[in-house]
Each structure stands twice: as C-alpha cells, then as structure tokens.
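Before any comments, here is the structure.
Here the structure is a predicted model, which means the values were calculated and not measured. The sequence lines fix the lettering, A, B, ..., with proteins before strands; numbering per chain opens at 1. Side-chain atoms are counted along with the backbone in the values below, which use heavy atoms only and exclude waters and symmetry mates.
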Amino acid sequence: MYQQVKEYWKNLLEEQLRLIAAEKGFDGDPVETAGELVVQTPPNPDMGDLAFPLFPYAKVMRTSPQNIVGDLAERVKKLEGVKEDSILPSGPYLNIFIDTVSLAASLKKKVDADGETYGHTDSLSGKRVMVEFSCPNTNKPLHLGHLRNDAIGESISHILKANGADVQKVNLINNRGIHICKSMLAYQKFGNGETPESSGIKGDHLVGKYYVRYAAWEKEDPTALSQAQAMLRSWEEGDPEILELWNLMNRWTIEGIEETYRNTGVSFDTYYYESNTYMLGKDKILKGLEDGVFYREEDSSIWIDLEEINLDKKVLLRKDGTSLYLTQDIGTAIQRHEKWPFDSLIYVVASEQAYHFKVLFHVLSKLGYEWAENLYHLSYGMVNLPDGKMKSREGTVVDADDLFASLTALAKEEIIAKNREQEVGDIDDVSEKIARGALNYYLLQPSPMKDMVFNPADSISFNGNTGPYLQYMGARISSMLSKWEQMKDGYADTAFDSSFLTVKDERELIKMIAIYPSLVAQAAEEYNPSVITSFLYDLSRTFSRYYHDHAVLKGEKKEQVVARVALVTMVLQVLKNAYGLVGIPFLQSM
RNA sequence: GUAGCCAUAGCUCAGCUGGAUAGAGCAUCAGAUUGCGGAUCUGGAGGUCGGAGGUUCGAAUCCUCUUGGCUACACCA
C-alpha cells in the first residue's frame, strides 16, 4: 500500500518534470535522460515522509537542484488534490508529507480483513521451493552452530511461504560413516547396556558421551581406529548385530534431537537419511562419463576438470567405484527433483562449504540439468564465542540443550522476581517461549553471511534489543486490549475516524504498518531474516515511545480513544505476523 | 600458494539499487513513575566507516591496489 503511495508521487513528480523541461525548451524526455526519480526517506520524519533528490535532473537541465526543486514545488502545490503543506522543498531535495490519515483508513480495512495473513505477498506464488537445513550427525547432540542453521532455515521457510511459495522443509540426517561407528564401538566396549531410560540421560547426549569416550580410548589403544573401520565394513555388509545397535543408537540420538527441535521451534516436512542416499549418484556419474563430461584416470577413478570455473580437478567416484559426499549430493538433488520438481532448492549450510556447493552446482549443470541454476547455497558465517572459536578439543562447544535450559531458567527467575507467576499461567511453558524467542532473535539479527559472536551474557539479557523486549510489547498491547474489551461498550456509538491519528509517532506507526509487506518480500528476495528482525525492533521501539508519551485508553475524546485502539490493534497484528517469521512466540502475558 | 568471505563507536550489530548531520543495543554518565505492565522511556558522551588511490555533483556503499582476520582448496562428511 505504501508502494502505491510512493508510485503515485513519483509519477506525479516525473510528469511535472517533463512539463518543466518542455517549458524550458529541453529537448527530449528528462526522465529518460536523467533516469527515473529516486524515492528515499528523509533522515528525520519532521522533514517529510518521502524525499526526491533532484541532482541528476539539475545536471541534465543545466541548472541547480535547488532551482528545480523550487519550480517543481510551485507547480505541484497548485495541482488539484495536493495540499500545500504536504510539499516541503529542502535544498536539493523535494520532500513530501504523505496523507497518513487516509492511508490509516485503508490500512485498517486491509489489516482487519487479512488478519494473520497481513503482510503476505504473492511475489513467489506458484513457486515450489525446497529448503534443506540442520542436517545433524547421529553421533552427538546439537550445538550452537546448529542453532543458527536451524533458526535461519526455519525462518527463511516461513518467509518464503509468506510470499506465496510452496515450501518443503527437508532434513538430511547423517547417520552413517566412521564417526557413527566410533560412538557405537565405544558403547559396545564401555556401555554396559546403559540406555537413556536407565541413565536418565537424553538420548543424543548419551550417544555423544560415547563419542567422547571413544576419543579418550583411541589415545590409549592404537587399534581403536582399525576396529572402527572394521565395524563400518560390517555395517556395510549388513551384519545384523551391528545394524541392531546402529538402529538403536540412531533412534536415541534422533529422538533427542527432535526434542531440541521442539524447544527451538523447528520442524521438517521430510527427513532423508544418508544411509539411504549414500549410494545415489553413481549411475549419474557413469552416465556423465559416457557423455564425455567426465574422464577416467588410469587407476579407474572418475574425475571432472573444473577449469571452466577456475578451480582444479575433483574426484567424483573412487577407484573402487564407491561414491563420495559429492557423488551422494548429486544423486540426492536429482532424486529430489524427480520426486518433487522444484523451482528452487536452497541449501542452508555453513560458508565453509562454499567450495563444495560451487562444485556440486557446476557438476549438475554439466550433467545437463537445467534446474541446476536454481540451486542456491544460503551460506552463513560461524558462531564464535567472546573468547574465540568453539573448539571441541578444548571443551568450549556450547551445547544447544544446555543453552536452552539456562535461558529458560533465567526467564523463569525473572517472572518470579517480578511477581508475575499468577498472571502468566503455565510458568514453564511461558519461560520456554521466552527462551525460544530470545535465542531465535539473537541468532537472526546479524546478516546470515557474517560470522557472529555469541555472547551468553547478552543473549540471556532481556533488556534492550532482545527477543523478550519484542515479546513484552506484544504482551503489553494484549493487556491493554483486554482492558479495552471491558470498556468498549461505552464506545459503541463512536466510529473509527483516522483523522484523529496525527501525532508524529502515530504517523510513524502507520507508515511502518504500511511498509511491512514490502519488507516481507525483500526478506525473501535477499534470503535474509534480519530484514524482519530489524523491522520488529523499529516497530517495537516506536510503539513503546508512543505508548509512553500518549494515553490510549484514557484519551480525552472518544473518537481519539477509538482511533488509537484501532491503531494499536493493527500494531499488534503486525507484531504477531512478524514474530511468526522469525521464531518468536507471541505471549499474551509474560 | 590460489580462491572466497569479512573489516563501521570500548563491545555486539544495522546502514535499502551511491544521496541530507553514519544509526541502534550493551557498557558508561545524567534524568523520567498521582501512568493503559518500568522486561519501559528521554538525554549526554563515544566513529578520520582498516589504509591508499580512482569513478561521481556526491562514496561506509561502486572499481583498483594494499593491510589484517576467517574459511576452503582430501579417493572425510
């Protein structure tokens, strides 16, 4: 809706510029010569809502920008339907105050009608998008790095859906390989039949314990590694005893990881398991060899020359004919496209694997798959700690469950300290939702591409630019609106009239509500949830200031109260809708 | 060595396809509560946007070079 307002002014001004140019005897279309008018936002709302810099026109028309702004302002002010004080020349800029009163009136209709789908766009409607993320190993629990991956994958999926895409969230569980055998082997030797039930240890942590145990044992016993390799061979040969243990321990880990997913608000439409996919791709490589896309070395391994993309060579199939990580990913992508023909496939994977994906996409396109150009590696940076990197050897890896538990405990303490146990209802549930919101918001604020520093002390703080701050705004509005429910009968005869919304922050809030849908589209276009997180913070901050400075329910006039309640109701709706895109649970009370 | 990514306030981060005085949070200093939830709000101090050139009316943003950091370049996944 804001977009339409912008377009309206842009077209109007461009038309006037053409007239001015014609009067001055300028040959041709100035808009074509100088480029379309750029629409910006003035640095400060007192200077207007829209700003049109006229530098390029000054150059083309051989005069100063100030002159053009002056002429333009004079003409526009005289136009029918344009209020004189909506035009503010400001040096080389022509600034416009838009009509937020009528904008608010149409917004109210729109938000009332759309409700929780307000902000959705159709920019991706009809598109099928597959998003692969998380992809844990089944030999240990999730850590902080996975949490960033999950938060981005989950959020991007919601954002794409909000733009009309048909989204499939997929997880590929890495449940085979030597590292899986290591924890199995250690369990066989030292486990004494321990189970999650008997030990009270969550399944993924129990398996992780034996993975650590293996590392210690390997130092004492030089045959450890060869024993693990032997176990992998037995697994591949289908040894029933090994398979049984493998199934058991995988189940423990996956059940544990799924509990973590529930806590952090992550879910998938489809799980794939590497034990089923690791054989895939071989035939495709052989086909590529026949077609002359790849070549065979003397030792009979198969390679691709990557000179075209300025890289070296890469093995695609081992000399013994077995497949590799890359081979498997090739097969998996092809299989997925056959089963569910997607318009794009997004891999949410750490930036460390940029090379792998570059090669993968190239190989697929060499194999002749046109859809290869619709594959996208959504690369994200590392999560570091204030003291440096997480290192498993130094025991500085932040465990996902531990982190979530301590966030939850802190939220609970805070509720108790504020004496709000009665109001919140289920205190454990609310504490977990606060923890989830804090965590997701913290992880989604930086642009995905960049490395980030996770400061545990900051993440658990509930003041300032944090998830709980945002949730608090939602809770305050909810609380106010339930008071309104009690008193609104006395206002039954008062209609909504947006002309009562003229205070500066009211105008700001109206503009933010109006602009929200275009940000939802932008977040999808850029694959960047932080577009939404920063919007949420801006909206919350502006609302908080407004709410602090202006009485809503205690307004002087009835019309004012009704108008403000309507505005605040819209703010709440937008907050809720945006929360949903970035994994922040809405809380009625906290 | 080669390639990719990154560099903005003491710390953590924003900054849209180049545009007005580079913005937040934390920390710090000073304020605000007869109030619809103070997990709040207001203000001060704090930046030669890693450095040097270039393009442009105009550069944190684009180009080149340079410095520093991270990552990748396995018949591991």
Side-chain angles (χ1 to χ4, degrees), chain A residues 38 40-44 47 51 53 55-56 58-59 64-65 90-93 95 135 137 174 176-180 274 278 297 299 301-303 310-312 314-320 322-329 350-356 358-359 379 381-382 384 386 389 411 414-415 417-418 420 423 434 442 445-447 449-455 457-458 461-466 468-473 475-484 487 519 522 526 530-531 533-534 537-538 541 544-555 561 564-565 568 589-590:
Chain A
V38 174
Q40 297 177 334
T41 308
N44 161 351
M47 298 169 74
F55 301 96
K59 202 179 173 192
S64 73
S90 174
Y93 298 86
N95 292 352
C135 305
N137 292 339
N174 183 344
R176 65 164 290 281
I178 188 84
H179 52 301
I180 306 297
E274 242 180 62
Y278 81 107
E297 277 288 343
D299 68 359
S301 55
I302 298 177
W303 295 69
N310 284 320
L311 295 171
D312 210 4
K314 192 85 188 169
V315 191
L316 298 173
L317 218 51
R318 289 192 185 94
K319 60 186 170 201
D320 61 6
T322 54
S323 57
L324 293 100
Y325 176 40
L326 186 60
T327 325
Q328 166 198 318
D329 262 3
S351 57
E352 297 165 347
Q353 299 206 37
Y355 170 83
H356 170 75
K358 207 171 169 183
V359 175
S379 163
M382 295 203 308
N384 296 318
K389 299 175 63 171
E414 196 73 10
I415 292 167
K418 292 181 192 306
R420 294 197 53 82
E423 285 88 343
I434 292 172
Y442 193 95
Q445 260 183 295
S447 313
M449 179 73 83
K450 295 189 179 180
D451 286 356
M452 67 177 287
V453 173
F454 186 91
N455 185 328
D458 282 359
S461 158
F462 297 153
N463 302 322
N465 189 1
T466 62
Y469 171 82
L470 304 179
Q471 287 174 314
Y472 179 61
M473 293 308 144
R476 283 175 100 180
I477 296 177
S478 304
S479 160
M480 184 176 68
L481 291 179
S482 61
K483 287 204 167 61
W484 165 247
M487 59 187 266
L519 296 177
Q522 189 195 336
E526 296 176 5
S530 80
V531 171
T533 55
S534 35
Y537 181 66
D538 280 349
R541 217 162 62 97
S544 192
R545 186 174 59 220
Y546 171 60
Y547 181 78
H548 182 269
D549 295 344
H550 303 282
V552 173
L553 299 181
K554 297 177 183 172
V561 173
R564 287 183 170 175
V565 167
V568 166
S589 180
M590 64 188 280

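- Nucleotides B:C36 and B:G44 place their C1' atoms 30 Å apart, quoted to the nearest Å.
- For A:Pro446, counting side-chain heavy atoms from C-beta on, the closest listed nucleotide (B:G25, B:G37, B:A14) is B:A14.
- Stacking annotation: A:Tyr547 is not stacked on the base of B:U40 (requires ring centroids less than 5.5 angstrom apart and an interplanar angle below 30 degrees).
- Residue A:Arg541 has its side chain nearest to B:G25 when only B:G25, B:A39, B:A77 are considered.
- Side chain of A:Asn455 to main chain of A:Pro386: no donor-acceptor pair is present (N/O by atom type, distance under 3.5 Å, no hydrogens or angles).
- Spacing between B:G18 and B:A59 at atom C1', rounded to whole Å, works out to 6 Å.
- Applying the 4.0 Å criterion to OP1 and OP2 of B:A39, one finds that A:Ser461 has every side-chain N and O outside that range.
- For A:Asn463, counting side-chain heavy atoms from C-beta on, the closest listed nucleotide (B:U40, B:C75, B:A72) is B:U40.
- The separation of B:C26 from B:G68, taken at their C1' atoms, amounts to 26 Å, rounded to a whole angstrom.
- Between B:C75 and B:U56, the distance separating the two P atoms is 49 Å to the nearest Å.
- Taking atom C1' on both B:G10 and B:G46, the two are 9 Å apart, rounded to the nearest angstrom.
- Side-chain proximity of A:Met47 to the nucleotides B:A39, B:A20, B:C75 is greatest for B:A20.
- Residues A:Ser461 and A:Asn463 have side chains that never bring a donor and an acceptor to within less than 3.5 angstrom of each other.
- Rounded to whole Å, the C1' atom of B:U66 lies 31 Å from the corresponding atom of B:U21.
- The distance between atom CG of A:Leu311 and atom P of B:A74, rounded to the nearest whole Å, is 11 Å.
- Among the protein residues, A:Tyr469 comes within range of the sugar-phosphate backbone only, with heavy atoms under 4.0 Å from sugar or phosphate atoms but none that close to a base.
- If you take atom C1' in B:U61 and the same atom in B:A45, they sit 28 Å apart, rounded to whole Å.
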With B for base contact, S for sugar-phosphate-only contact and - for none (protein heavy atoms under 4.0 Å), nucleotides 4-9 of chain B reads -SSS--
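- Rounded to whole Å, the C1' atom of B:U67 lies 10 Å from the corresponding atom of B:A52.
- When base pairs are accepted only as Watson-Crick or G-U wobble with both N-N or N-O distances under 3.5 Å, RNA chain B takes part in stems of 3 or more pairs at B:1-7 with B:67-73, B:10-13 with B:23-26, B:28-32 with B:40-44, B:50-54 with B:62-66.
- Checking B:G37, B:C36, B:C41 against every side-chain atom of A:Ala551, the shortest atom distance belongs to B:C36.
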